[in-house]
Amino acid sequence: MKITKAVIPAAGLGTRVLPATKSMPKEMLPIVDKPAIQYIVEEAVASGITDILIITNRGKGLIEDHFDRAPELEARLSSGDRQAMLEEVIGISRLANIYFVRQKETRGLGHAVNCARSFVGNEPFAVLYGDDVIIGKDPACGQLIRAYEEFGKGILGVKQVTPEAITKYSSLKVENIRDNYFHCTDMVEKPAPDQILSLYSVLGRCVLPPEIFDILDQTPPGAGGEIQLTDAMCALARSTGMVAVNFTGTRYDMGNKLGILQATVEVALSHPQIGNDFRAYLKEIAGNL
């Protein structure tokens with residue numbers, strides 16, 4: 001079955017980047033001239049996704065406004081010599097069929113994904129975490145979708161992390177299939193040092209079968225007292241197995257101050273309008289460090 005639906009959980013509070021996120025959703029923090037969530041939506045669209053559900057909560061109306069039309073702004077741009085900018089602004093609202101639903105209680109990523117049940121129906125679907133911007137020539141979501149088409153199982157987007165970082169993420173039990181594909185048969189969220197299964201962790205992307213919803217219904221609160229998507233995926237991995245894809249592309253953690261700065265600098269260096277000037281500026285600054 002062709003995967004055309006994606007879910008973007010964007011209901012987190014952004015506590016790691018306060019006070020910037022006191023009134024602005026962290027998903028709207030800019031990377032040069034586009035908010036983080038636009039990069040995520042564009043990745044989904046480039047992967048063949050046509051319908052996207054963004055899970056929000058109170059105070060996230062700016063996200064909905066961004067993907068809506070803006071008549072006053074469009075009128076101002078159309079009255080001047082700004083046709084390219086006008087087309088870009090209108091194009092944001094036409095990227096995909098974008099829907100919104102609120103997670104009325106902040107009960108974890110698993111609970112947020114479960115809010116998408118009626119949107120997804122009985123189809124496999126992609127999940128792109130709202131914290132994670134992944135930039136590369138081959139969209140990470142598309143890499144996972146191709147793996148699902150080949151294996152017909154739930155797919156995990158993974159990267160290796162450091163031994164120091166693995167306890168903050170998930171740890172997967174994996175066995176290589178070929179190249180960057182692995183069988184995954186177990187995982188643990190935020191493992192203690194004696195629970196580490198490998199240094200491979202799910203980072204920001206997965207493709208899930210619709211059976212995940214029934215599993216989520218039976219998943220008790222886990223780490224942090226929240227319903228963890230990792231716990232539901234663990235049950236799926238233990239029962240039918242999953243496939244982990246060590247995707248290509250650079251991942252930026254937009255819930256982390258350093259990650260935001262890294263994304264800004266690295267995207268700016270390749271930006272067609274400011275890249276050369278910014279590179280010269282960095283060289284000048286680096287000489288004084």
Side-chain angles (χ1 to χ4, degrees), residues 6 8-10 12 14-21 24-47 49 52 54 62-63 66-67 84-85 88-89 91-92 95 126-145 156-166 168-170 180 199-206 244-289:
I8 301 177
T15 54
R16 290 183 294 160
V17 286
L18 283 168
T21 51
M24 173 186 286
K26 66 179 182 295
E27 296 83 7
M28 289 299 296
L29 292 171
I31 302 176
V32 186
D33 53 2
K34 291 192 293 190
I37 197 165
Q38 185 174 332
Y39 288 89
I40 299 171
V41 168
E42 288 175 345
E43 177 196 329
V45 172
S47 303
I49 298 296
I52 298 171
I54 300 178
L62 284 176
I63 299 175
H66 182 70
F67 292 102
M85 182 61 69
E88 184 174 359
V89 167
I92 294 170
L95 285 168
V127 179
L128 299 89
Y129 297 11
D131 278 350
D132 294 284
V133 171
I134 300 173
I135 295 177
K137 293 181 179 179
D138 185 8
C141 180
Q143 296 174 50
L144 271 59
I145 288 173
L156 306 165
V158 304
K159 287 283 193 183
Q160 281 190 306
V161 301
T162 64
E164 294 76 23
I166 192 68
K168 302 175 185 177
Y169 293 97
S170 57
N180 61 332
L199 295 181
Y200 280 103
S201 182
V202 181
L203 292 183
R205 302 291 183 270
C206 54
V245 177
N246 185 4
F247 58 83
T248 61
T250 303
R251 175 227 178 212
Y252 301 102
D253 181 358
M254 295 302 293
N256 176 288
K257 294 174 185 178
L258 180 59
I260 293 168
L261 291 172
Q262 290 170 329
T264 300
V265 170
E266 293 177 26
V267 170
L269 284 170
S270 60
H271 194 281
Q273 294 175 338
I274 65 167
N276 291 336
D277 289 343
F278 187 64
R279 186 179 301 274
Y281 167 74
L282 283 185
K283 288 181 179 179
E284 179 182 343
I285 291 293
N288 298 321
L289 293 178

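Since we're looking at a predicted model, the values are computed, not measured.
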Shortest non-hydrogen contact from Thr248 toward Ala140: O-CB, 4.5 Å
Those residues that, when tested against Thr250, pass side-chain hydrogen bond (donor to acceptor under 3.5 Å, both in side chains) (two or more places apart): none
Could you point out which residue of Lys168, Lys159, Arg16 forms a salt bridge (charged side-chain N to carboxylate O under 4.0 Å, His left out) with Asp253? Arg16
When you look at CG of Asn276, are more than 12 heavy atoms from neighbouring residues, nucleotides or ligands closer to it than 6.0 Å? no
Show every donor-acceptor pair shorter than 3.5 Å between a side-chain atom in residues 281-289 and any protein atom, with sequence neighbours excluded, or say none if there are none.
unit_1: Asn288; atom_1: ND2; unit_2: Glu284; atom_2: O; d: 3.4

Quick check for you: to the nearest 0.5 Å, what is the distance between Glu266 atom CD and Phe278 atom CZ? 10.0 Å
At what distance, to the nearest 0.5 angstrom, does CG of Asn246 lie from CD of Gln160? 7.0 Å
Compare all side-chain heavy atoms of Leu199 with those of Thr162 and state whether any distance is below 4.5 angstrom. no
Quick one: which of Ile92, Ile49, Leu95 gives a side chain to side chain contact (heavy atoms under 4.5 Å, CB included) with Val41? Leu95
Closest non-hydrogen atom pair between Ala244 and Val158, with its separation: CB-CG1, 3.8 Å
Residues at least two apart in sequence or cross-chain that pass side-chain hydrogen bond (donor to acceptor under 3.5 Å, both in side chains) with Ser170, listed by chain then number, are Ser201
Distance in Å, Leu203 CG paired with Asp131 CG, rounded so as to fall on 0.5 Å steps: 11.5 Å
For the pair Val127 and Arg205, evaluate side chain to side chain contact (heavy atoms under 4.5 Å, CB included) and give the outcome as yes or no after the intermediate values. CA-CA 6 Å; Val127 179; Arg205 302 291 183 270; over 6 Å; no
Nearest atoms (heavy-atom pairs only) where Ala10 meets Ile54: CB-CG2, 4.0 Å
What's the spacing between Ile63 CD1 and Ile37 CD1 if we round to 0.5 Å? 4.5 Å
Partner set under side-chain hydrogen bond (donor to acceptor under 3.5 Å, both in side chains) for Lys34, not counting sequence neighbours: Glu42
Rounded to the nearest 0.5 angstrom, the CE-OG1 distance for Met28 and Thr21 is 13.5 Å
Rounded at 0.5 Å granularity, tell me how far CD1 in Ile8 sits from CD in Glu27. 9.5 Å
When every non-hydrogen atom of Ile52 is compared with those of Ala44, the smallest separation belongs to CD1-CB, 4.1 Å
Tell me if a side-chain donor or acceptor on Tyr39 pairs with a main-chain N or O of Ile31 at a distance below 3.5 Å. yes
Please list every donor-acceptor pair under 3.5 Å in which a side-chain atom of residues 254-264 meets a protein atom from a residue at least two apart or in another chain.
unit_1: Asn256; atom_1: OD1; unit_2: Leu258; atom_2: N; d: 2.8
unit_1: Asn256; atom_1: OD1; unit_2: Gly259; atom_2: N; d: 3.0
unit_1: Thr264; atom_1: OG1; unit_2: Ile260; atom_2: O; d: 2.9

Work out which heavy atom in Leu29 is nearest to a heavy atom in Ala20; give both atom names and the distance. CD2-CB, 4.4 Å
Which heavy atom of Pro35 sits nearest a heavy atom of His66, and at what distance? CG-NE2, 3.4 Å
Does the side chain of Leu156 come within less than 4.5 Å of Tyr200's, by heavy atoms? no
Would you list the pairs meeting salt bridge (charged side-chain N to carboxylate O under 4.0 Å, His left out) in which at least one residue belongs to residues 132-145, sequence neighbours left out? Asp132-Arg251, Asp138-Arg146
If you draw a 6.0 Å radius around CD in Glu88, do more than 12 non-hydrogen atoms from other residues or ligands fall strictly inside? no
